[in-house]
Structure formats: C-alpha cells, structure tokens
Protein chains: 2
Amino acid sequence: MPKQLTVLDAEVCCAPLATAAVPADAAADVAAAFKAMGDPVRLQLLSMITSAAAGEICVCDLTPAFELTGPTISHHLKVLREAGLVESDRRGTWVWYRANRSRLAALSAVLDVTPAD
Amino acid sequence: MPKQLTVLDAEVCCAPLATAAVPADAAADVAAAFKAMGDPVRLQLLSMITSAAAGEICVCDLTPAFELTGPTISHHLKVLREAGLVESDRRGTWVWYRANRSRLAALSAVLDVTPAD
DNA sequence: GTGCTGAGTTGACAGATGTCTAAGTAGGCG
DNA sequence: CGCCTACTTAGACATCTGTCAACTCAGCAC
C-alpha cells in the first residue's frame with residue numbers, strides 16, 4: 001500500500017490559482033508537485049535536468065554536483081519521478097533523466113497572475 | 001534564533017528553470033516558496049486568497065471552508081506569510097489577507113518552459 | 001471596568017522527511 | 001565465470017511538520 005499514488009497522468013487540472021478557488025482533489029495533485037519542488041536539492045536537480053543541453057542528463061552528471069551520497073540523490077530523483085516532474089530511462093550502464101515539460105507548463109499556468117493590471 | 005528567515009524581499013531571482021541550472025542560494029529561496037505551496041490546505045488557502053473578489057479575504061471566511069481548527073488554519077497562514085506569498089492586515093476585529101502577486105508571477109516564470117517548440 | 005468574539009501563540013504528539021550506511025540489482029569487460 | 005561500476009532499495013535515525021487542546025492577545029459592546 002503506497003503512501004502516495006504516483007501521478008502518472010499528470011492531472012494538474014488547469015484553472016490558475018487567481019481565477020477560482022482550487023477544489024480539494026485538484027489541490028492535492030498540484031500540491032504534491034510543489035511539495036516535490038519544495039526541497040532545494042530537488043529543485044536544483046529538476047533545474048539541471050530541465051536545462052540539460054541534450055534534453056536529458058545522466059545521473060552520473062547529477063550526483064557529483066552535490067555533497068550528498070548516491071542513495072540520497074537517488075531518493076530525490078525518485079520523489080521527482082513520482083511527482084510526474086521527470087522521467088528516467090536506463091540505457092546500458094547509465095540512467096538518463098529528462099523533464100516532463102507539459103507538467104511544468106501546467107504548473108506554471110496555475111501560478112499565472114498576468115491578467116492582473 | 002529563527003529556524004528560517006522570513007522572505008521579506010521576495011527574491012525569487014529570475015531565470016527560468018529550463019534556461020540554466022539554478023544556483024544553490026536562489027534554489028533555497030524558490031524552494032521555500034514551493035514548499036509553502038506543497039500542502040493541499042495551504043494551496044487552497046492561497047487560491048482562495050488570490051482569487052478573492054475584493055482582492056482580499058477575511059480569515060473568518062477562510063476557516064469555515066476547512067474541517068480544521070482555527071489554530072491550524074492560523075499556522076498555515078503563517079507559513080504562507082513567511083514564504084512571502086501573502087500579506088495580512090488587521091482592521092478592527094478581523095484580519096484580512098491578500099496575495100503577493102509579484103511573487104506568484106516570479107514563481108510562475110521560474111517554471112516557464114514555453115521556448116520549447 | 002466585564003464580557004464576548006476573532007485571531008494568534010504555545011506545547012504536545014503522531015507521522016512524514018532527509019540523510020546516511022549497508023546491501024541489492026543491472027550492465028559492461030576481461 | 002568473476003569483478004567492477006552505476007544506480008536503486010532497505011533500514012535506521014534525527015529532525016521537521018501538521019494537527020489539536022489550552023491559553024493569550026486584540027478589539028468591540030455594554
């Protein structure tokens with residue numbers, strides 16, 4: 001029994017925060033994504049993955065960027081994966097991570113407040 | 001000795017996640033904001049405050065929307081305040097909350113991935 | 001003043017979270 | 001096959017977090 005469902009379909013509903021009160025079920029999904037980004041290490045990992053020149057990046061390039069052990073980095077990557085923010089793919093010896101850009105875009109839209117003059 | 005500084009000046013630096021790797025100090029600030037939004041109750045509170053018709057909303061209108069005690073709502077509002085996401089203002093008997101829209105806009109920009117084709 | 005009501009603070013406690021070490025799995029190479 | 005490297009999983013542990021009950025503070029009315 002998983003303590004938290006993996007967000008495979010990246011719901012992230014839609015309506016910007018500022019437009020209308022977010023219903024509870026949508027809030028749970030969006031909050032889960034923000035929670036995953038709520039750790040400095042994970043935010044940096046997500047940034048490194050999202051901004052990777054090749055569109056993806058190897059764990060072996062992520063780990064040495066932090067003064068943390070491999071298992072700890074692996075744990076943070078798992079959290080990002082379960083939040084639907086990144087996807088991973090093993091090719092031979094190495095594992096490559098890439099960002100789920102549509103989910104990032106949806107989250108960005110939720111925070112959008114531009115209509116304010 | 002506060003365990004965490006209050007983010008008064010709403011740093012939130014600038015460069016979108018996808019543009020370049022976020023430096024550690026900026027990541028700490030942005031992550032703190034996302035962390036505050038990483039709880040479903042707080043996200044709904046933020047949404048109710050941001051979407052309030054009058055631009056602000058009374059705590060007395062927030063509390064009954066949840067099956068939680070007053071102190072718990074008060075705690076969540078404090079977290080949102082310390083993250084620089086909302087501001088409060090006591091007028092007479094009631095306390096009014098309004099959103100810090102510039103900070104929300106900055107966070108939205110951090111997640112922006114539009115340049116992707 | 002006393003009393004009432006809205007909101008915040010304090011202290012306590014169960015449960016979640018970040019980190020590590022140790023062990024396990026997957027793939028390449030000799 | 002064995003061995004090495006890259007990564008993940010499992011357990012343990014200290015810290016942090018969300019919640020509540022009890023209390024305090026601020027403002028209004030009498």
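Keep in mind it's a predicted model, so treat the numbers as computed, not measured.
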Check: Could you write nucleotides 18-23 of chain D as a row of B, S and -, 5' to 3', where a protein heavy atom under 4.0 Å of any base atom gives B, of only sugar-phosphate atoms gives S, and otherwise -?
Finding: SBBBB-

Note to self: How would you summarise protein contacts on nucleotides 25-30 of chain D per nucleotide, using B for base, S for sugar-phosphate only and - for none, with heavy-atom distances below 4.0 Å?
What the structure shows: --SS--

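The nearest pair of heavy atoms linking A/A27 to B/Q44 is CB-CG, 3.5 Å.
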Would you tabulate the side-chain donor-acceptor contacts of residues 52-64 of chain B under 3.5 Å, counting partners in other chains and residues two or more places apart, or write 'none'?
| unit_1 | atom_1 | unit_2 | atom_2 | d |
| --- | --- | --- | --- | --- |
| B/E56 | OE2 | B/R91 | NH2 | 2.5 |
| B/T63 | OG1 | B/V59 | O | 3.2 |

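Per the geometry, CG belonging to A/L45 stands 14 Å off C1' belonging to D/dC7, to the nearest Å. Atom CH2 of B/W94 and atom C1' of C/dG8 are 17 Å apart (whole Å). Between A/L77 atom CG and C/dG18 atom P there is a gap of 13 Å when expressed in whole angstrom units. The CG atom of B/D89 sits 19 Å away from the P atom of C/dG6 (whole-angstrom rounding). Between B/I73 atom CD1 and C/dT9 atom C1' there is a gap of 16 Å when expressed in whole angstrom units.
Among residue pairs with one or both ends in residues 68-78 of chain A, those qualifying as side-chain hydrogen bond (donor to acceptor under 3.5 Å, both in side chains) are A/R42-A/H76, A/T69-A/T72; sequence neighbours excluded. The ring pair (Phe, Tyr, Trp, His ring centres under 6.0 Å) pairs that include a residue from residues 27-61 of chain A are A/F34-B/F34, where partners are two or more places apart or lie in different chains.
Taking the side chain to side chain contact (heavy atoms under 4.5 Å, CB included) definition, one finds that A/S88 meets it with A/R81, A/V95, A/Y97, sequence neighbours left out. B/S108 meets the side chain to side chain contact (heavy atoms under 4.5 Å, CB included) test with A/S108, A/L111, A/D112; sequence neighbours excluded. Contacts of A/A31 classified as side chain to side chain contact (heavy atoms under 4.5 Å, CB included), with partners at least two apart in sequence or in another chain: B/P40, B/L43.
Think of A/W94 as one node in a network of Ile, Leu, Val, Met, Phe, Trp and Tyr side chains linked at under 4.5 Å; its network also takes in A/W96.
Here the side chains of A/V30 and A/V22 are not in contact, with every heavy-atom distance at 4.5 Å or above. Contact check for A/M37 versus A/L107: side-chain heavy atoms found under the 4.5 Å cut-off.
Here B/Y97 lies in heavy-atom contact (under 4.0 Å) with sugar-phosphate atoms only.
Under a 3.5 Å cut-off, the side chain of A/R103 and the backbone N or O of A/V86 do not form any donor-acceptor pair.
Taken residue by residue, residues 55-62 of chain A places heavy atoms nearer than 4.0 Å to DNA chain D at A/C58, A/V59, A/C60.
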